[in-house]
2 protein chains.
Amino acid sequence: MVATSLQLEQLAETCSHCSLRYLCLPYGLSHEDILELERLVSTGVPIGASDELFVQGDPLEDIYAIRDGSMKTVVVDEDGLEQILGFYYPGDLLGLDGFADQKHHCTAVALEPTHVCRIPVARLDRLVDKLPSLRHQLMRLMSQALSDEEKLLLTLGRKNSMGRICSLLLTLSRRREMRGLEPSPVSLSMKRLELANFLSMRLETVSRVLTRLQRDGVIRIRHNDVDIVDPEALRARSSQGAWVADQ
Amino acid sequence: MVATSLQLEQLAETCSHCSLRYLCLPYGLSHEDILELERLVSTGVPIGASDELFVQGDPLEDIYAIRDGSMKTVVVDEDGLEQILGFYYPGDLLGLDGFADQKHHCTAVALEPTHVCRIPVARLDRLVDKLPSLRHQLMRLMSQALSDEEKLLLTLGRKNSMGRICSLLLTLSRRREMRGLEPSPVSLSMKRLELANFLSMRLETVSRVLTRLQRDGVIRIRHNDVDIVDPEALRARSSQGAWVADQ
DNA sequence: CGCTGTCGTTGACCTGGATCAAATAACGAC
DNA sequence: GTCGTTATTTGATCCAGGTCAACGACAGCG
């Protein structure tokens with residue numbers, strides 16, 4: 001923990017030196033353009049575990065990029081139903097669904113002590129008018145978010161509980177690789193109840209499936225970390241037992 | 001049918017006179033800007049029922065707006081699982097998830113004979129750089145698509161079969177109103193199997209739920225049209241039986 | 001240290017909706 | 001019109017996973 005914070009403070013404070021710049025908003029921008037971008041970004045803003053970064057309904061003033069740590073987004077509908085929409089990791093942008101009517105459509109909550117970069121939309125908007133490559137990257141990221149949600153719809157709609165858990169573990173592992181880390185161990189910074197909510201299961205079922213995967217030697221669970229022992233078996237299980245539409 | 005096609009030909013061929021301009025891409029643009037936009041749009045391109053407008057993996061050359069008729073979008077994953085992502089109606093834009101890597105991430109299929117407006121992305125892109133209000137509207141529509149998918153995730157994740165069907169009927173009805181039509185009858189241009197796939201149910205369950213709603217006097221089904229007899233009861237049922245996370 | 005609250009696991013049971021099956025209804029081709 | 005095909009409804013069973021309940025494992029705290 002202490003080691004981690006020390007490392008963080010050693011990280012460069014600017015977009016142009018950030019290790020996440022190929023995943024995040026600066027990607028595709030010239031060095032000069034990145035310098036312009038970083039002038040409006042407040043980097044490394046710390047937030048505590050279970051703190052809310054923004055709340056559903058808040059006016060859209062800033063969007064955020066995760067520097068380190070992890071967050072979840074949640075929607076609540078008029079009946080009080082609560083659904084976790086996603087878990088977010090370094091390089092991810094939060095708040096993109098708010099452009100529609102200039103207010104946040106979901107609530108963002110930190111899963112652990114986290115650092116984010118704050119990007120004021122008004123200033124971003126002006127810069128986007130000046131820099132076509134920034135507009136491209138922003139639209140690319142929004143479009144990416146759309147197709148990520150589409151993949152999630154497919155998983156939730158057509159897979160059984162085993163398939164859902166295995167798909168999630170594979171996705172988290174793949175995202176680690178995108179950030180240049182080892183595929184495993186995957187850290188489950190969210191609680192079982194949050195995992196269950198996200199995957200539309202009950203927490204007992206999540207627990208049973210994870211136990212079963214460990215018993216079968218596919219994964220190894222320790223604390224909140226999951227080692228992927230047999231990635232091939234995980235892939236096989238992520239698609240087995242999935243519904244196929246007749247005809 | 002014949003009457004409908006005649007009416008269509010009488011519709012103005014330009015964005016500036018299109019009755020859907022407040023829902024579609026031209027919204028928020030000045031009259032001059034709309035004139036620029038309509039120079040690059042091919043309006044009223046006819047496609048037949050079950051024709052594919054674009055296919056998952058196709059290079060992104062055009063995006064489309066629906067003029068009249070209806071369409072669905074489908075994703076297929078590596079295991080051959082097929083999931084319908086949404087049903088689309090006049091004023092809706094199709095293909096927005098393709099900006100991420102310049103190729104379509106889903107397949108768009110017409111549910112009935114349909115007219116679409118074709119918008120070449122290369123020319124749109126150039127125009128977007130010139131017209132900030134066009135960029136705003138495009139980002140607004142993408143952001144809207146994101147939060148629509150988030151609502152769908154909530155419905156599929158937390159509601160039982162009755163809640164899903166009722167939510168769908170209410171959504172279709174609300175969308176009719178947005179287009180300036182009566183809230184009812186809702187036309188189910190898609191087949192029961194497609195409805196079932198979209199809602200992650202089996203077609204038998206869809207049929208049973210619809211029958212039950214009709215027996216209870218909430219709706220009246222004739223052919224593919226559904227009259228909403230008791231909107232209040234529909235609303236009540238759309239939230240009843242929904243899962244609430246403990247704690 | 002024991003107390004208390006939170007979180008996770010495990011077991012026993014039950015139900016909503018999936019699955020299997022068969023009868024009807026609607027549609028299109030000729 | 002008739003025939004063949006496809007879409008939809010209805011009925012009868014079954015099971016994955018939801019529900020209820022008990023227990024174990026920690027963590028923070030006085």
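In what follows, chains carry the letters A, B, and so on, assigned in the order in which the sequence lines appear, proteins first and then strands, with residues in each chain numbered from 1.
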message: On the side chain of A:Arg208, is there an atom forming a donor-acceptor pair with the base of C:dG11 - under 3.5 Å, no angle test?
response: yes

Length of the line joining B:Leu156:CG and C:dG17:P, which is rounded to integer Å: 13 Å

message: In whole Å, I'd like the distance from the NZ atom of A:Lys191 to the C1' atom of C:dG8.
response: 11 Å

- request: Would you check if there is a donor-acceptor pair between the side chains of B:His115 and B:Asp68 at a distance under 3.5 Å?
  value: yes

Phosphate OP1/OP2 of D:dT10 contacted by B:Thr211 side-chain N/O (<4.0 Å): yes

- prompt: Tell me: CZ of B:Arg215 to P of D:dT9, nearest whole Å?
  reply: 14 Å

- prompt: Picking from C:dT9, D:dT9, C:dG17, which would you name as closest to the side chain of B:Arg192?
  reply: D:dT9

task: Answer with yes or no whether B:Arg202 presents, from its side chain, a donor or acceptor under 3.5 Å of a partner atom in the base of D:dT9.
output: no

- prompt: Once you round it to whole Å, what is the distance between C1' of D:dT19 and CG of B:Asn160?
  reply: 15 Å

query: Under 4.0 Å between a Lys/Arg side-chain N and an Asp/Glu carboxylate O for A:Asp58 and A:Lys103?
result: no

task: Could you tell me whether the side chain of A:Glu194 has a donor or acceptor atom within less than 3.5 Å of a complementary atom in the base of C:dC7?
output: no

- prompt: Hey, does the side chain of B:Ser207 come within less than 4.0 Å of D:dT8's phosphate (OP1/OP2), counting only N and O?
  reply: no

message: Salt bridge or not between B:Glu177 and B:Arg174? Use side-chain N to carboxylate O under 4.0 Å.
response: no

query: Are A:Ser189 and A:Ser70 close enough that a side-chain donor and a side-chain acceptor fall under 3.5 Å?
result: yes

- request: Would you kindly give the CG-to-C1' distance between B:Leu203 and C:dC20, to the nearest whole Å?
  value: 13 Å

message: Strictly below 4.0 Å: does A:Thr205 bring a side-chain N or O up to OP1 or OP2 of D:dG17?
response: no

field: Nearest-angstrom distance from the residue atom CE of A:Met201 to C1' of C:dG8
entry: 14 Å

statement: Between CG of A:Leu199 and P of D:dG18 the distance, given in whole Å, is 11 Å

field: Salt-bridge contact A:Arg176-A:Glu182 (side-chain N to carboxylate O under 4.0 Å)
entry: no

- request: Round to a whole Å and report the spacing from CD of B:Glu204 to P of C:dA22.
  value: 14 Å

